[in-house]
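Here is the structure we will look at.
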There are 2 protein chains.
Amino acid sequence: MSLASLRVTVPESSGPPAPRTNKTAHPPLGRIQREEYPSSWDMAGTLSNPGFFNYGVETHKAYEKRSLSSDIIEEQKKLQEADLVIFQFPLYWFSVPAVLKGWMDRVLCQGFAFDFPGSYDDGFLKGKLAILSLTTGGTASMFSKTGVNGDFRYFLWPLQHGTLHFCGFKVLAPQISFGPEMASEEERKRMVASWAQRLKTIWEEEPIPCSPPWYFGQ
Amino acid sequence: MSLASLRVTVPESSGPPAPRTNKTAHPPLGRIQREEYPSSWDMAGTLSNPGFFNYGVETHKAYEKRSLSSDIIEEQKKLQEADLVIFQFPLYWFSVPAVLKGWMDRVLCQGFAFDFPGSYDDGFLKGKLAILSLTTGGTASMFSKTGVNGDFRYFLWPLQHGTLHFCGFKVLAPQISFGPEMASEEERKRMVASWAQRLKTIWEEEPIPCSPPWYFGQ
């Protein structure tokens, strides 16, 4: 598997991020349109229960009937073909920006990414790797156990465990570029270089143990 | 302060949530339009640096020039007038649905909700209370320390500490209705009744201590 096509950039502006795959045969995961919050527009066919709209139920049924909107189907195809998914984003309010949250809410639907049973280690995206690569506004010391923002691992829980692990992904240690906006040009270059260096051997990395002690232990 | 106007409902469907204030003189905080992710459209005037778009910088400057888009200004006014803000939402991926994340990303901008200095206990919304009232897909035991989802307090960190506390809010203990979709009609009624009961004396409640031990302690 080649990594030649990976664009490694530290986003210094805060535009909408787009997750992307690292399989060279495939384009980056699509840039989600800004009008795409979860809604009844995500179902191309008729609703199962139009009188009592339940987004989770409707997307689940639409997935089974193959009647999800075409952009969701396309994103799901790219995910299915990917071995490793890199989520590159600036941290907004200790989480992903809304546009990427919309991607998660819409694309990772029941039936496709998980079911009951079929979550966590049995999630339907098992066998795949995921990694969060993010930039923060705060410095590393602000995101330490004694810093004002608390340990950076705390805010990773909903994303890495509640979302990625829930869908079956094995999660690699996050790539965090702390405070690029406040850093010098030279420091920013070092951040990019260390990420590029890491990518060379990323296929050899072991996933993190995705359980509470990794996040909240001493 | 009267609470008479508060609609207390357990959302059984998963439509887009809208945060709302509890001051009777004011309408609920607006329902955010689905096309409203953070973007350059949030600035009504010219951009400060159109050649290098930085959302955080631009909204900060637009706030100071009073040139944010009118819907953001309206939401900010309602927040300023509120004593207690209730965020009612269904838990999507251990967090708020994208539409509510968009509201946070857009409305709580630098200059209005915080600045440097001016965060956490000095955040600009200090003196106000906030409470998360949410419904989950999983049961309470799934959201316990030994449950598959981990303790429910874990996923509250980015929202209560990283967002609300960051902006100066004091945070009341969350109101969590676990698994209403799987519950009987009678159980759902009990969830609503207990919330209604709590609201009668909510002004007498003490905020939680918003620091790591409350979230991750033993």
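It should be emphasised that the depicted structure is a prediction, and the values quoted were computed from it without experimental measurement. Letters A, B, ... mirror the listed sequences (proteins, then strands); counts begin at 1. Just so it is clear, the values below take in all heavy atoms, side chains as well, and ignore hydrogens, waters and symmetry mates.
Summarising the geometry, atom CH2 belonging to W93(A) is positioned 13.5 Å from atom OG belonging to S95(B); distances are rounded to the nearest 0.5 Å. In this structure, F94(A) CZ and Q160(B) CD are separated by 12.5 Å, a value rounded to the nearest 0.5 Å. One finds the OH atom of Y92(B) at 13.5 Å from the OG1 atom of T163(A) (value rounded to the nearest 0.5 Å).
Aromatic ring centres of F152(A) and W157(B): separated by at least 6.0 Å. Remark: aromatic rings of Y154(A) and F216(B) are close, center separation under 6.0 Å.
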What side-chain donor-acceptor pairs closer than 3.5 Å can you find for residues 117-127 of chain A, not counting sequence neighbours?
from    : atom 1 : to      : atom 2 : distance (Å)
Y120(A) : OH     : H161(A) : NE2    : 3.4
Y120(A) : OH     : V148(B) : O      : 3.4
Y120(A) : OH     : N149(B) : OD1    : 2.6
D121(A) : OD1    : H165(A) : NE2    : 2.8

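Atom NZ of K65(A) has more than 12 heavy atoms from other residues, nucleotides or ligands within 6.0 Å. Counting heavy atoms of neighbouring residues, nucleotides and ligands inside a 6.0 Å radius, atom NZ of K128(B) exceeds 12 of them.
Between P158(B) and P158(A), the shortest heavy-atom contact is CG-CG, 3.9 Å.
Only the side chain of V57(A) comes within contact range of chain B, with at least one heavy atom under 4.5 Å from a heavy atom of that chain. When heavy atoms are compared at a cutoff of 4.5 Å, L108(A) approaches chain B by way of both its backbone and its side chain.
Looking at K101(A), its side chain does come within 3.5 Å of a backbone N or O of V96(B) through a donor-acceptor pair. Distance alone, capped at 3.5 Å, places no donor-acceptor pair between the D105(A) side chain and the P97(B) backbone.
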